[in-house]
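Values in this document were obtained by computation on a predicted structure and should not be read as measured data. In what follows, residues are counted from 1 in the order of the sequence shown.
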Amino acid sequence: MQRARALVVGINWYNTAMLQQDQIRNFAIIAHVDHGKSTLSDRLLELTHTISKDKMQEQFLDQNPISRERGITIKLAPVRMRFELQEKEYLFNLIDTPGHVDFSYEVSRTLAACEGAILLVDATQGIQAQTVAHFQVAKKLGLVMIPVLNKIDLPNAQTEIVMKELTQSFGFTADEMFFISAKTGQNVEQLLKAVIEKIPSPRGNPEAPLRTLIFDAVYDEYRGVVAYVRVVDGGVKKGDKVRLFASNVKTDVTEVGYFSPYLQQSEELTCGEIGYVLTGIKDIRQARVGDTITIAKEGAGMPDIEPLPGYTTPQPMVFFGMYPKSSDDFGPLKESLGKLMLNDTALTYSEEYSAYLGSGFRVGFLGLLHAEIVKERLQQEFGLEILLTMPQVLYERREDGSIFEPYMLLRAYTPTAYVGGIMTLCQKRKGTMVDIQYHEGYAVISYEMPYSMFIRGLANDIKTISSGFASVDYEVIGYKPADLLDLEIRINDNPIDVLSEPVYKEESLYIAREKAARLKEILPRQQIRQIIQAVINGAIVAREEIPPFRKDVLAKMSGGDRTRKDKLLEAQKKGKSRMYAHAKIDLPQEALFSMIERK
C-alpha cells in the first residue's frame, strides 16, 4: 500500500522558535483547473531553493501517481519554504490546491488554514467557473488575495482583456495585479516579495493554551494517523499530552514536524505554523479533519478552551453501488474506505446487499471525477478490484408517495459566441434560466435544473458545444418534486437490481428501449438464449434477445436412423433448459456504466 507523504526524509532540527510570528506567511494558490497552479508551485520551490534543480520534476507537489497520470491536482499539498528579503528571513507555508469542481472542499479546508491566497488566472482563457467559486470562498473567510495573470509569454495571451475582467468582476485595481509566466519564471520573484508585503502574518496568541486545527490527514500503516495541522494558539512539541475535542481522546505527541514537502521532523511547532503531528492514534475515527487538538491538562486554574470552528461537512451528491469482485475482499474494502474517509470528508459509505452482486457498499461522492479518483486509489493504493454500478442522485421519498429530487444552480462561463447553443441545451435538460450577464467577450449564464442532469453528461455536452472554451460551476439549492417511475431490468426473468433506476415519466419508454438495446450490444453471447426485458409498473415496455451459441451435436454422426438423431437433439434441448434455469449472466463493467454515456 502506498503511504502518502508518510515517510520522514532525514531529520532537520531547524528551530522555528528563532523566527518571530511576523516572519511567517501562510498562503494558498487557487485557480480554475489547468491555469498553472502546480507549475507556479514548482517555480516557487526552485526560487526558494526548497528543491534543488537536479531533483526537480514537473508538478513536484503532486506526488500522488493518479495526479501525475491525469495532469490535475486532486489533493491539497503543503510545503514549507524559506526566503530572505532585505537581510530578514521569512518562513512561507504554501498549500497547493485542486482546481476541479469535484474537489472544491479541499480548497475551502486549505483557505481556513491561511491568511492569504494567490488568485491565479490564465491570460489565454480569462475568468473561469472555479476562479469565481474560489474567490468567493476566500473573500468570505476574509483572506487577502493577490490577483495574478499567468501565461503572459504565450502568443495568444489576452493580458489587457483579462485584466479588465478581473477589475470588473472582482473589483481589483490594475496596480494590484501581477503578470507572470510560471513556466519561464518571469516576474515570479516579484510575486514572492509581494506575498511578504501584502499577506498578513498569522493571527494567534503564542502564550495561550494550545489550539491546533486538523486541516488534512493521512493514514500511515506503521505510525497511525498523521494529522496535518495549523497551530492557531500556543505551541506543540514531542512529549506533550494533548486531547482531541471531537473524540475526547487523550494521548501523547510522539513527533511533530513540517513539510519539505516530505515529512521533516522538528523540535516544535509554534503559533502560526503549519505542519504535522503524530500521536500514535491507530483508529482513524478518533482523528478527523476539522477537529481541534488542545492540551490535555484539566483542573483548577485552567482556562476554558473553545474548539476551533472546523469545517462544514460537504454533502455527497452522486451515489454508486461499490462491490468487490472477490467476496474475500469485502473486509479489506470496508477498511480501505474508512482510511480514505480520514482525509476525504466528502466520501460516505454504508453497507448494502445486491441479489446479483452480493455484499457491497452504497458510496457517496461529490461528482463523477471524484468517484473515478476514489476507484483508482482503491486499486493502486490498496490493490482492490471493485465493480461500480450506475450513478444515481439521492432522491427523497415522502410518506405520501411523492418523490423529490435535488436541484442545482448551474453557472456556465462561456464566450458570447456559444451562448445560444448552451441555452438550448440547458432548456432541453429541464433547465430554467435564472440570470444571464454579459462581460467583455464572455457571458455568465445561470440555470436551475435537476442535479441528475449533471451526472448524465451535461458538463461534457457544454464543453462540446463551446469547443472546449466554456466551464461550469454548480451548487445544490434544495429539493423539488419529480415525476419519476421505477425502471426494472430483467435478464431471463431475473431482476438485475444494479441496473434498475428511477427515470422521468416522459423519458421512461425511450430510456427503457435504449437500455435494452445497449445491453444487447454489450452482453456477451452464451450457451443459452438471453432475454432482456425493461419493466415499468409491472408492464414489459421493451424486449431484446441475444441468441445462444449452437453446437451441432449431429456433426460427428456418419449415419444412423432418425430416432438416434432425435435422442441427441432432445438431450441437447434438456441441457439447454437446465442451463437457462441455473446459468449466471455475465455483466461486464461496460454494461453497468452504459447509462453514464446516455445523451
Side-chain angles (χ1 to χ4, degrees), residues 15-17 19-28 76 78 80 91-93 95 108-116 140-144 199-218 224-259 263 266-281 284-313 342-343 345:
N15 189 1
T16 55
L19 291 175
Q20 299 298 316
Q21 198 165 325
D22 65 358
Q23 293 171 263
I24 301 174
R25 299 292 184 272
N26 300 322
F27 67 100
L76 61 86
R80 172 176 292 190
L91 186 150
F92 293 143
N93 288 304
I95 307 180
S108 62
R109 291 199 335 234
T110 296
L111 296 180
C114 299
E115 281 73 39
K140 185 177 181 180
L141 291 171
L143 270 61
V144 173
I199 294 178
S201 57
R203 300 175 293 274
N205 183 358
E207 304 301 325
L210 172 68
R211 288 200 308 166
T212 296
L213 174 68
I214 302 177
F215 68 88
D216 201 9
V218 295
V225 177
V226 182
Y228 292 17
V229 300
R230 158 68 190 273
V231 182
V232 177
D233 291 316
V236 61
K237 61 182 181 300
K238 180 179 179 180
D240 285 351
K241 294 185 179 298
V242 296
R243 176 168 67 97
L244 281 75
F245 259 97
S247 59
N248 198 31
V249 171
K250 297 177 182 178
T251 184
D252 294 332
V253 175
T254 59
E255 181 179 310
V256 299
Y258 59 90
F259 306 97
L263 304 190
S266 65
E267 290 182 337
E268 65 178 328
L269 291 176
T270 60
C271 184
E273 288 193 87
I274 287 176
Y276 70 90
V277 172
L278 284 171
T279 61
I281 291 176
I284 58 179
R285 295 169 296 182
Q286 294 178 350
R288 298 301 301 271
V289 169
D291 199 1
T292 300
I293 301 176
T294 186
I295 56 175
K297 295 179 182 178
E298 296 177 351
M302 288 300 300
D304 291 333
I305 301 174
E306 292 293 327
L308 297 163
Y311 308 106
T312 301
T313 303
L342 174 67
N343 66 342
T345 54

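You'll find the side chain of Val229 reaches within 4.5 Å of the side chain of Leu269, heavy atoms only. Between Thr270 and Pro206, every side-chain heavy-atom pair lies at or beyond the 4.5 Å cut-off. Between Pro209 and Asp233, every side-chain heavy-atom pair lies at or beyond the 4.5 Å cut-off. Taking the side chain as every heavy atom from C-beta outward, Ser201 and Glu115 never approach each other to under 4.5 Å. Here the side chains of Glu255 and Lys238 are not in contact, with every heavy-atom distance at 4.5 Å or above. Counting heavy atoms from C-beta outward, Leu210 and Val231 have side chains that approach closer than 4.5 Å. You'll find the side chain of Leu91 reaches within 4.5 Å of the side chain of Arg80, heavy atoms only. Considering only heavy atoms from C-beta on, Ile305 comes within 4.5 Å of Phe245 through its side chain.
The distance from the CZ atom of Phe27 to the CZ atom of Phe92 is 6.0 Å, given to the nearest 0.5 Å. Taking CD1 from Ile281 and CG from Asp252, the interatomic distance works out to 10.5 Å, rounded to the nearest 0.5 Å. In this structure, the separation between CZ on Arg25 and CD1 on Ile199 is 8.5 Å, given to the nearest 0.5 Å. The distance from atom SG of Cys114 to atom CD1 of Ile274, rounded to the nearest 0.5 Å, is 5.0 Å. Note: Leu263 CG to Tyr228 OH = 6.0 Å, rounded to the nearest 0.5 Å.
A donor atom on one side chain and an acceptor atom on the other are found under 3.5 Å apart for Asn26 and Asn93.
Minimum heavy-atom separation, Gly204 to Cys271: C-SG, 3.6 Å. Closest non-hydrogen pair, Arg230 versus Pro202, comes out as NH2-CB, 3.2 Å. Closest approach of Lys250 to Arg243, counting heavy atoms only: CE-CD, 4.0 Å. Summarising the geometry of Ser266 relative to Gly257, their closest heavy-atom pair is OG-CA, 3.4 Å, with the distance given to 0.1 Å. Closest approach of Ala112 to Leu213, counting heavy atoms only: O-CD2, 4.3 Å. Closest approach of Leu111 and Ala28 over heavy atoms only: CD2-CB, 4.0 Å.
Qualifying salt bridge (Lys or Arg N to Asp or Glu O under 4.0 Å) partners for Lys237, counting only residues two or more places apart in sequence or in other chains: Asp240.
The backbone N or O of Ile95 lies less than 3.5 Å from no partner atom in the side chain of Thr110, so there is not a single donor-acceptor pair. Here the side chain of Thr254 pairs a donor or acceptor atom with the backbone of Leu278 at under 3.5 angstrom.
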**Request:** Could you give me the CA-CA distance, side-chain angles and deciding distance for Leu244 and Gln286, then say whether side chain to side chain contact (heavy atoms under 4.5 Å, CB included) is met?
**Result:** CA-CA 8 Å; Leu244 281 75; Gln286 294 178 350; 5.5 Å; no

